[in-house]
Amino acid sequence: MRALNKLKISLAVTAAASLIAVTGCSANQPAGSSTGGSDKLEITSWWTSGSEADALNVLIDGVKAAKPGLSVDNAAVSGGGGSNARQALAARLQAGSPPDAWQVHPAGQLKSYVDGGQVADLTELWTQNDWASQMPKDVAEVQQVNGKYYTVPIGVHRGNVLWTNPAVLAKANVKIDPAGGVDGLISSLKQVQAAGATPVCLGDKDIFASSQLLESIIMSRAGADNWKKLFSNEYSFDAPEVKQALEDYKTILSLANKDHSAITWDEASKKMANGACAVNLMGDWAYGELINAKKKPGTDFAWVTFPGKEDIFDYVGDGFSIPANNIPHAEAANAWLKTLMDPKVQTDFAAKKGSIPAVKSADISGLSKYQQEAAKSFASAKVVSSLAHAQAAGAEFAQTYADAVSTFNGSGNADAFIASMTAAQKTQL
Amino acid sequence: MTTSTALPPAPASPGPRPKKQVPHNVKTSRRAAWIFAPSLLVSFLFVYVFIGITVYISLSNWKIGTSPDLSLRQPFGGTYAEIVKEQRFQADIRNVVIFTVIFLVLAILGGLIAALFIHHVSIGKGLFRTVFLLPYALSFIVTGVAWRWIFSPSTGVNEILRSMGIENPPGWTTDPTVLGALNDPSGTDFLKVQFGIPVALLPIIFAAAWQLVGFAMAMYLAGLASIPEEHLEAASVDGANIWQRLRHIVLPQLWPSTITCFVLLLHVALKIFDLVVAMSGSGPGFVTDVPGIYIYNYLTSRYDKASAMAIILLLLTLAVIVPYLIRGYRKERKA
């Protein structure tokens, strides 16, 4: 009988434990949210690398200075260019227990959160503080969906920078002139090849690197206005400029290192700086990576805007949004957003992150030469959003584009690329 | 003191049971049901209910991960109709079939040869066993990083080939060609993918087989140990040579081990993900893409597509496992 009783007890315990496990899933409480006071703030991002974590700490120190006594819970999730963090966030949003603020790319990515009714309307906060007037019109626009503001920008990265190796170019006696357009670039690259060097370094093990290269060529051929119209279906991927860009892309790919699909973007950037090739197209986070690898700007590597018919700034933006419902610490979240827009915080953040501040009044005199040039260009060039980073359009369209680029890399079939992108324009925008 | 221990109290449990009317086997099976109930409940919930949910999502309109739209997609099953037309999906199915077939042959044959070798070698048995089994202890992501370096076009094997004077060594995992392609798709028809063996997949299959050969070997070693020595002795007395003994006695008796290896390695092949991610990613033109990577990529952009691919992967597994289970069930009933 005693044995039987023991059995019953153990069964009861197992049943209770499994019940807790089951119910625990639906009531997925964030750690430390039980107090409900305003002295706590939980933020999620995918900033976990050395320089990124330092930059995030600038923001955390900033909000702590603005609200003394606040304890900040940094719930960053590493890996996958943010896809891991976004999946973790999606699970929490569905469970109805969002963090107080989370990292978002503007426009396309923001829209999916707005469509799901998950981010708070910040229009009032924007008009109260007159934030729109403090940044370029294009940047303020992409923080909105249907005329309302849903996110606050913290920094600006440029996607279309051509990083060059001065020594390799000098050896081939080539200068790359941004005003020479794509044709000028290709003839320069062919000259490098004739001199016996590999012209292009590419690392597209993660497909975004070649998506970004193709996107830069399309922008350069079609122009900033047409690039924007691609995402409102007013301009087609079937246009002659896009076809030309695909041919250019194929040529540039044939001038690249043969092992491009086996190496990552940062390996490719370092190869360029080590003299394995002449140029590498990458966003300006490559600058931080190269500095981190102890490469000297100006001697080991230099930069030009990706050549094209006009000066275009391919904007990859970072910002934060706050949840529409179930916001545990509303007051702290508002303080966080205000801190992000503080010009000094934006400058300090940029110094660590390698980006440039989104607000015009931020003092950039202390930033690097590259950053100062980028900031100047940001104020004068035409600013467009990156598709490779799911900003110009939503995640679905961006994934279709990434898949089409992968397919094109294998087959070189431009018609198939155009067919899948024009179909996506009709159904996914 | 000694006298009290010398007289032990009457044992409590072996005493006469009060409820003798319940037959022993019924009682134990009832007790077994109680013991298994929680785990049955949990596995029902977390396996079968979730499979059901995944099927439902694959039929729904739930596109973006953050905004569930659970209405059924029109026309019914539209997501499946959509993905079968994709170049990427077709490439994935081709890749996973090629991967599974070659991987199973390599791993099972390799395991068999290793086991026969170790079983018959007289010295260093333990050492060989460890050497072959060691890779199995590593995780795919670790071996993937090492094999990626070996097959990277600019390092590893190619370094050796270049030092031997070969000017243009193979691109290995970066090679987009498809061996023995049966067709030449235009890219806009229904069939968008070349059927054949993607060259870039071969190094990955090799790495996977290298990792799991030890597992197959362990299975076969156990099988070899259970073959009665008398059978082999009798055969040698009758004059059978080593090949005849292998073919007519050893291999037939190893058949259960082969089946077990096949079933256990099959799911490794079908759900391969981390090794491919570490070694090559999707590859140019998706030559090394597999369903696992497809599902992972679409989890942030299209829940319905990711779920549909997961269901197709499940069906692929069932297509091979179910006949095996039916066979086992029939055997059991006969016995």
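Letters go in sequence order (proteins before strands), and every chain restarts at 1. The figures here come from the full heavy-atom set of this structure, side chains too, leaving out hydrogens, waters and symmetry mates.
- Residues satisfying the salt bridge (Lys or Arg N to Asp or Glu O under 4.0 Å) criterion with B:E159, sequence neighbours excluded, are B:R162.
- For chain A, the nearby part of B:V277 is the backbone; its heavy atoms alone come within less than 4.5 Å.
- With rounding to the nearest 0.5 Å, the separation of CZ in B:R88 from OG1 in A:T400 is 10.5 Å.
- Chain A forms the most heavy-atom pairs under 4.5 Å with one residue out of B:V287, B:D289, B:N297, B:T288, and that residue is B:N297.
- Other residues, nucleotides and ligands place more than 12 heavy atoms under 6.0 Å from the OH atom of B:Y56.
- Contact annotation for B:P284: both backbone and side-chain heavy atoms come within less than 4.5 Å of a heavy atom of chain A.
- Residues meeting the side-chain hydrogen bond (donor to acceptor under 3.5 Å, both in side chains) test with B:Q90, sequence neighbours left out: none.
- No more than 12 heavy atoms of other residues, nucleotides or ligands lie within 6.0 Å of NZ in A:K111, so this atom counts as exposed by the packing criterion.
- Taken to the nearest 0.5 Å, the CD atom of B:Q87 stands 9.5 Å off from the OG atom of A:S420.
- Distance check: B:E82 CD to A:T427 OG1 gives 7.0 Å after rounding to the nearest 0.5 Å.
- Other residues, nucleotides and ligands contribute over 12 non-hydrogen atoms within 6.0 Å of the CZ atom of B:F190.
- Residues of residues 250-263 of chain A placed with any heavy atom under 4.5 Å of a heavy atom in chain B are listed by number as A:K258, A:D259, A:S261, A:A262, A:I263.
- Summarising the geometry, atom OH belonging to B:Y303 is positioned 14.0 Å from atom CD belonging to A:E396; distances are rounded to the nearest 0.5 Å.
- Counted within 6.0 Å of CZ on B:F206, heavy atoms from surrounding residues, nucleotides or ligands total 12 or fewer; the atom is thus considered open.
- When the heavy atoms of residues 402-410 of chain A are compared with those of chain B, the residues falling under 4.5 Å are A:D403, A:S406, A:T407, A:N409, A:G410, listed by number.
- Under the 4.5 Å side-chain criterion, counting only non-hydrogen atoms from C-beta, A:K205 is in contact with B:R148.
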